Amino acid sequence: NAGVTQTPKFQVLKTGQSMTLQCAQDMNHNSMYWYRQDPGMGLRLIYYSASEGTTDKGEVPNGYNVSRLNKREFSLRLESAAPSQTSVYFCASSEWQYSNQPQHFGDGTRLSIL
Amino acid sequence: DQQVKQNSPSLSVQEGRISILNCDYTNSMFDYFLWYKKYPAEGPTFLISISSIKDKNEDGRFTVFLNKSAKHLSLHIVPSQPGDSAVYFCAASLSNDYKLSFGAGTTVTVRA
């Protein structure tokens with residue numbers, strides 16, 4: 001049982017390039033999330049999808065777009081990468097979008113933008 | 001402005017002793033709190049949670065205490081084991097909401 005799978009694990013981009021981070025979960029969860037983690041800060045929510053067909057902005061959505069492709073997959077796109085988007089990105093899922101249902105995280109994508 | 005703060009970036013403890021991790025929050029509306037554990041190169045994993053209607057929740061070696069008046073919670077690990085060496089994140093939320101506010105994390109090192 002893989003849980004939440006993120007690809008790629010590492011990526012280096014040049015400023016202005018575009019990139020899509022992929023996330024898939026096999027737990028039949030309804031809600032999915034994208035976070036970023038920066039040094040000295042906790043995880044910050046970029047976008048979330050409460051259920052298939054819906055997406056909404058989180059705390060730091062600027063510079064990102066998302067697609068909930070189906071119930072399993074939720075992708076994050078950087079249209080024009082900037083050095084400030086260098087971070088570790090985590091995808092997560094939960095059965096529903098309520099905080100008392102713990103979120104399950106993938107192992108992250110380490111993204112460096114030069 | 002961070003609504004959840006973990007003021008100790010790191011903690012070193014001897015194997016077998018108690019680890020105490022602290023977390024403070026500023027939003028008095030938060031009513032659900034979680035702790036996540038994270039190993040290097042892995043994602044966070046859920047550890048334990050507590051609702052504001054309780055002041056203590058226990059799961060094996062892990063106990064979370066909540067002091068609502070002080071807006072403070074703590075995680076106790078007894079006894080500490082080498083496998084407990086990890087980063088621990090505190091998170092807070094409204095129980096009917098999706099949004100988790102995370103602290104910056106505390107790195108725990110358990111010494112043999």
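So you know, we letter chains A, B, ... as the sequences are listed, proteins then strands, and number each from 1. All values reported here derive from a predicted model rather than from experimental measurement.
Within a 6.0 Å radius of CZ in B:R111, other residues, nucleotides and ligands contribute more than 12 heavy atoms. Atom CE of A:M41 has more than 12 neighbouring heavy atoms from other residues, nucleotides or ligands inside a 6.0 Å radius. Residue-environment remark: NZ (B:K68) exceeds the threshold of 12 foreign heavy atoms within 6.0 Å.
Of the two parts of A:R110, only the side chain, counted from C-beta on, holds a non-hydrogen atom closer than 4.5 Å to a non-hydrogen atom of chain B. Contact annotation for A:L43: both backbone and side-chain heavy atoms come within less than 4.5 Å of a heavy atom of chain B. With a 4.5 Å cut-off on non-hydrogen atoms, B:E42 touches chain A through its backbone and its side chain both.
Using a 4.5 Å cut-off between side-chain heavy atoms of Ile, Leu, Val, Met, Phe, Trp and Tyr, with links allowed through other members, A:V66 and A:I46 fall into the same hydrophobic cluster. Cluster membership for A:Y64 and A:M19, using ILVMFWY side-chain heavy atoms within less than 4.5 angstrom, is shared. Under a hydrophobic-cluster definition in which Ile, Leu, Val, Met, Phe, Trp and Tyr are linked whenever side-chain heavy atoms come within less than 4.5 Å, directly or via other members, B:L34 and B:I50 are assigned to different clusters. If you chain together hydrophobic residues whose side chains sit under 4.5 Å apart, B:V87 and B:I77 never meet in one group.
For the pair A:E59 and B:K99, the tightest heavy-atom approach, listed with the atom from each and the gap, is OE1-NZ, 4.0 Å.
For the set A:G40, A:G58, A:G42, the entry with the most heavy-atom pairs within less than 4.5 Å of chain B is A:G42. Counting heavy-atom pairs closer than 4.5 Å to chain A, the top-ranked of the candidates B:P44, B:G105, B:A92, B:G103 is B:P44. For the set A:F90, A:Y33, A:Y48, the entry with the most heavy-atom pairs within less than 4.5 Å of chain B is A:Y48.
Judged by distance alone, the side chain of B:Y36 and the main-chain N or O of A:Q103 form a donor-acceptor pair under 3.5 Å.
Taken from NE2 in A:H104 to CZ in B:F46, the straight-line distance is 9.0 Å, to the nearest 0.5 Å. With rounding to the nearest 0.5 Å, the separation of NZ in B:K38 from CD in A:Q37 is 5.5 Å.
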